[in-house]
Amino acid sequence: MKQVRVFNSLQTLSRSCASFLSDRIEKACHDGKTFDIILTGGNTPIDCYNELASILSDGRFPLKNINWFFGDERWVPADHEDSNERMVRKYLLGKLKIPEENIFSWKACTKEPYKCAFDYNRIIHEHFIDRNKVPDILLLGMGEDGHTASLFPQSRVLLEAGEFETVSKDLPVFAASVYVPGLNTWRLSLTPRILNRAQQIIFLISGEKKRESFKKVMNGTSDIPAAWIQAKHCIYFVTTDIWSNGASPHSRNR
Ligand code: 6PG
């Protein structure tokens, strides 16, 4: 079921999302279970990550059971200002005492793009598929063109050395190297094959320029990647410039 939660500002959206996440994390920690979170990159989640870090840093949560993955990565080193990993470490993970073995880096730029993707594909396989587990939480954003993670419309996926395939919701791998012609750069991205297995999917979307793409997602239009992401539990945290209140049966204003 698609649920839309509409907020008057990115600040209130971020607070609400951080509270939602910390509630889930707290429950998992008290149950003594491991908890696997796939994080989004971009700018929209920064306030939420800041809020979540301040909630989790009070020591109540045994964070050793939480594993942190990245939904995608830019083709830059992990210490580069454009790196999603660098952003997440700066605003969230670096403020908490997270064991390094619980943070799963794409290690972008350490080898060829398809080899980085191949290695992350193995991580996903070993952590989830081999153990018959699914990601507990998946955070995603969406670009103006309807991309999500680094699944861009008309981008090309390099599956094995030399084999290209146009990005689609049916890619046969969990992690892929993606060439984005519009940006003239490589990206690394998880694919719907693992993203759609998440127990709970949360989109964070803000910015008037994304309004048209979001309407397509709500209509299930298949020509944009964000619409390929569908799961039993999917909540869209959006601001009012994306979705006017009351337009969706599930929208609630905060
Ligand atoms: C990235 C993200 C990407 C992002 C959207 C929205 O690497 O940038 O993973 O999918 O979520 O591009 O980005 P903003 O939040 O900056 O608008």
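In this text the structure is predicted, and so the values were computed from the model without any measurement. Counting starts at 1 for both ligands and their atoms, in listed order.
- Proximity to Asp72 (heavy-atom distance under 4.0 Å) selects the following atoms of ligand 1: 1 (C), 2 (C), 7 (O), 9 (O).
- Taking the centre of each ring, Phe214 and Tyr236 come in below the 6.0 Å mark.
- The distance from ligand 1 to the heavy atoms of Thr40 drops below 4.0 Å at these ligand atoms: 9 (O), 11 (O).
- By the 4.0 Å heavy-atom criterion, Lys210 is counted among the residues contacting ligand 1.
- Contact check on Asp136 versus Arg24 returns no salt bridge, with no Lys/Arg side-chain nitrogen under 4.0 Å from an Asp/Glu carboxylate oxygen.
- Note: Phe128 and Phe69 meet the aromatic proximity criterion, with ring centroids under 6.0 Å apart.
- Of the candidates Thr191, Asp72, Asn84, Asp72 is the only one forming a side chain to side chain donor-acceptor pair (under 3.5 Å) with Ser150.
- Between Lys216 and Glu212, none of the side-chain N atoms (NZ, or NE/NH1/NH2) sits under 4.0 Å from a carboxylate O, so this pair counts as no salt bridge.
- At the shortest separation from atom 8 (O) of ligand 1 among protein heavy atoms lies Arg74 NH2, 2.7 Å.
- Interface atoms of ligand 1 facing Arg187, defined by a heavy-atom separation under 4.0 Å, are 1 (C), 7 (O).
- With hydrogens left out, the protein atom closest to atom 6 (C) of ligand 1 is Met142 O, 3.5 Å, a heavy atom.
- The nearest heavy-atom contact from the protein to atom 5 (C) of ligand 1 is His147 NE2, 3.4 Å.
- Nearest-heavy-atom check against atom 3 (C) of ligand 1 across Gly42, Gly41, Ala149, Gly143 picks out Ala149.
- Across every non-hydrogen atom of Ile202 and Cys17, the tightest pair is CG2-SG, 3.9 Å.
- Of the possible polar contacts, one joining the Ser14 side chain to the Leu10 backbone as a donor-acceptor pair under 3.5 Å is found.
- Considering both main-chain and side-chain atoms, Asn84 comes within under 3.5 Å of ligand 1 through a nitrogen or oxygen pair.
- Near Gly141, the atoms of ligand 1 lying under 4.0 angstrom from a non-hydrogen atom of the residue are 11 (O).
- Looking at atom 15 (O) of ligand 1, its nearest protein heavy atom turns out to be Thr44 OG1, 2.6 Å.
- Listed for the Asn102 side chain is a donor-acceptor partner under 3.5 Å among the backbone atoms of Lys64.
- Of all atoms in ligand 1, numbered sequentially from 1 with element shown, those under 4.0 Å from a heavy atom of Asn43 are 14 (P), 15 (O), 16 (O).
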